[in-house]
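Data first, discussion second: the structure below is written as structure tokens.
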Amino acid sequence: MKTLSQRSSMILRTFLHAEIKRKNARMLARRHSGALTGCYTKKLKIAVPEKQGFKVFVNATTQKVTGYCIDVFEAAVKKLSDDLDYEFDIYAGSYDELVHNVSSGIFDAAVGDITITAERAVYVDFTMPYTESGVSLLVLSENDSNSTIEWVFLKPLTTELWLATVGGFFFTALVVWMIERPKNLEYQGSSSRQCTTALYFSFSTLTSSHGQIIGSPLSKIVVVIWCFVVLVIVQSYTASLSSMLTAKRFRPSVTDLDQLLSNGDYIGYQSGSFVHSVLMKKAFAEKRLKSYTNKEEYAEALRKGSKNGGVSAIVDEIPYITSFLSDPQHPNEFQMVNRIYKTPGFGFVFPQYSPLVHNLSVAILDLTSGDECSQIQAEWLGTATALPSYVTPNTDSAPLTLRSFSGLFIITVCISALMMLISIARSVHVKYTKVRDSDMQSADGDGVGEGHGGSGSGPLQNDVGNGSMTDQPHHEAGNEDSQGIHGSGGSVGDREPNGSVPIHTIQIEMNTG
């Protein structure tokens with residue numbers, strides 16, 4: 001009997017286990033297939049949040065419910081294979097309470113600007129998000145156009161690049177001076193005159209007003225290369241300075257939450273939003289948080305500032321900030337900066353294991369991948385968009401660094417050094433040639449002097465007997481002068497007994513002629 005009872009129990013357990021598996025399989029099949037079970041054949045009671053501001057997302061009244069979120073939901077429902085019968089019910093509580101009411105069965109679903117968060121997903125299921133979201137800062141733009149005098153013209157270049165540029169001018173002046181000094185009268189004279197001429201010429205390349213005070217081809221090569229470097233640096237400097245001056249006109253007053261926390265500033269957020277809990281987790285004191293409901297309150301609070309009863313920044317989700325910035329009432333007055341918290345976006349809320357979640361998610365993917373969702377967004381939110389949520393605006397352009405122009409400086413230094421070495425080599429060669437020629441002439445002169453060593457008129461014979469072309473004019477001039485003396489009726493005492501002119505007279509006349 002025990003054996004029979006045990007067998008019966010085992011058979012019963014096996015049957016029950018198989019039946020449970022079949023039921024679970026049927027439930028999963030219905031869920032993934034998106035079939036509408038019997039519980040959705042009735043009219044669904046869908047809650048929509050009652051909003052005091054930002055009604056472009058949800059505008060719920062007793063007569064009609066409209067808005068961007070409502071249009072997206074209705075467009076997605078039209079893509080379902082089965083018709084869905086539903087009615088909207090306005091809910092005036094917080095968003096977290098609305099989600100809990102869906103979880104408890106008070107509402108069959110919730111449609112609106114409801115952000116998908118991990119805390120809410122524990123109790124309900126969300127569809128795929130139909131808009132990009134995240135939490136960012138809305139701050140006031142500071143206008144720097146009327147600020148006091150600043151040294152902003154120095155900021156386009158780093159300190160290293162400024163020093164390298166000034167050093168390039170001095171180096172170019174040195175190279176040009178060394179090349180031009182031996183033959184160019186402009187670079188001769190006193191030390192101060194040489195220095196000022198070289199420096200003036202080098203720095204005048206900034207404005208191309210240096211004139212023609214160089215003559216050597218080597219100097220011209222150096223100047224051409226340096227002028228090209230100066231042109232590139234000047235053009236880059238002008239572009240960078242223009243960018244800085246334009247960007248600084250509208251600079252955000254605040255850039256991150258840490259700055260607000262350290263300053264103890266007041267911060268605003270949208271009433272009923274989960275952003276309040278995010279700020280509390282960031283260690284902000286409750287007394288420093290202020291809630292607002294619409295765009296007008298946002299703008300007024302930011303204009304007042306934290307010290308005058310307002311706030312230094314509004315922390316809100318990016319779709320709301322985008323809608324605020326697209327309002328033409330305050331262009332360029334406010335900015336969105338620095339996404340501080342990332343969320344999936346807005347989604348529709350259903351009870352857990354609802355088969356509608358899968359079908360509507362597929363419909364939403366179809367909408368967002370096509371033009372229909374963009375048309376709905378343009379109708380309600382406009383075509384103007386704020387900065388992408390992942391971008392933090394860079395209000396100050398990065399200064400130009402020495403690394404950016406290192407190649408140009410290397411080229412100009414190498415070419416200038418090469419031209420200077422060529423000039424030095426040519427000068428050394430010229431001096432060596434002169435010394436060699438002088439030594440050869442001295443050797444020739446000594447040989448001639450030894451050949452006429454017994455003559456009393458050695459100096460004259462050495463000069464005249466050389467026979468060079470350079471000495472002949474002097475000798476002819478001496479003869480002409482001598483003839484002039486004879487013609488002038490010189491005294492007989494001035495002549496030698498044989499009728500010739502004294503040697504010292506010829507030497508004087510040659511020196512003066």
Side-chain angles (χ1 to χ4, degrees), residues 23-24 26-51 54-55 57-131 133 272-274 319 343-368 372-373 376 380:
K23 288 183 179 180
N24 290 338
R26 286 195 298 269
M27 292 177 63
L28 289 175
R30 284 196 302 267
R31 185 195 308 174
H32 292 294
S33 64
L36 300 181
T37 57
C39 62
Y40 292 111
T41 55
K42 66 180 181 66
K43 179 180 289 188
L44 299 181
K45 186 179 181 181
I46 299 178
V48 293
E50 183 181 18
K51 296 181 67 66
F54 296 96
K55 293 187 177 182
F57 293 95
V58 176
N59 185 16
T61 62
T62 54
Q63 291 81 17
K64 192 176 182 181
V65 178
T66 59
Y68 168 68
C69 301
I70 304 301
D71 281 3
V72 172
F73 174 75
E74 291 178 347
V77 168
K78 290 179 181 179
K79 292 183 175 293
L80 297 178
S81 57
D82 298 321
D83 294 334
L84 186 65
D85 190 13
Y86 60 89
E87 64 178 2
F88 292 124
D89 192 357
I90 301 174
Y91 182 77
S94 66
Y95 283 78
D96 289 335
E97 293 175 352
L98 175 60
V99 170
H100 283 289
N101 287 339
V102 174
S103 175
S104 62
I106 297 177
F107 297 107
D108 297 319
V111 172
D113 51 344
I114 305 172
T115 303
I116 302 173
T117 63
E119 293 80 5
R120 295 171 179 173
V122 173
Y123 308 102
V124 295
D125 284 347
F126 286 93
T127 62
M128 290 290 295
Y130 55 89
T131 182
S133 189
S273 173
F274 77 100
T343 61
F346 293 161
F348 303 132
V349 184
F350 289 90
Q352 288 184 331
Y353 310 116
S354 171
L356 281 173
V357 173
H358 174 74
N359 274 2
L360 282 175
S361 295
V362 173
I364 290 172
L365 286 175
D366 189 16
L367 280 174
T368 54
E372 188 174 356
C373 190
I376 296 174
W380 288 99

Give, for atom [atom1] of [X] and atom [atom2] of [Y], the distance between the pair rounded to the nearest 0.5 Å.
X	Y	atom1	atom2	value
I106	K45	CD1	NZ	8.0 Å
K79	L365	NZ	CG	11.5 Å
S94	D96	OG	CG	5.5 Å

Close side-chain approach of [X] to [Y], heavy-atom, < 4.5 Å:
X	Y	result
F348	L356	no
D108	P351	no
E119	F274	no
Y130	C69	yes
D113	Y95	yes

Exercise. Among N59, V58, T61, D71, whose side chain to side chain contact (heavy atoms under 4.5 Å, CB included) with T66 holds?
Worked result: N59
For this session: Apply the test side chain to side chain contact (heavy atoms under 4.5 Å, CB included) to residues F346 and T115: give CA-CA distance (whole Å), side-chain angles for both, the deciding distance (0.1 Å), then the verdict.
Result: CA-CA 4 Å; F346 293 161; T115 303; 3.4 Å; yes
If only atom types and distance count, is the side chain of [X] paired as donor or acceptor with the main-chain N or O of [Y] below 3.5 Å?
X	Y	value
D125	F350	no
D89	A47	no
Q352	V122	yes
T127	L360	no
S361	M128	yes

Over all heavy atoms of both residues, which pair between [X] and [Y] is shortest? Give the atoms and the distance, please.
X	Y	value
P129	P344	CB-O, 3.5 Å
S133	G345	CB-CA, 3.2 Å
V72	L367	O-CD1, 3.7 Å
I90	T62	CD1-N, 4.1 Å
A92	E50	CB-OE1, 3.2 Å
P49	G112	CD-CA, 4.2 Å

Problem set entry | Flag if over 12 foreign heavy atoms under 6.0 Å of NZ, K78 | no
For this session: Verify whether the ring centers belonging to Y86 and F73 lie closer than 6.0 Å.
Result: yes
Problem set entry | Geometric class of the F57/Y68 ring pair [parallel <30°, tilted 30-60°, perpendicular >60°] | perpendicular
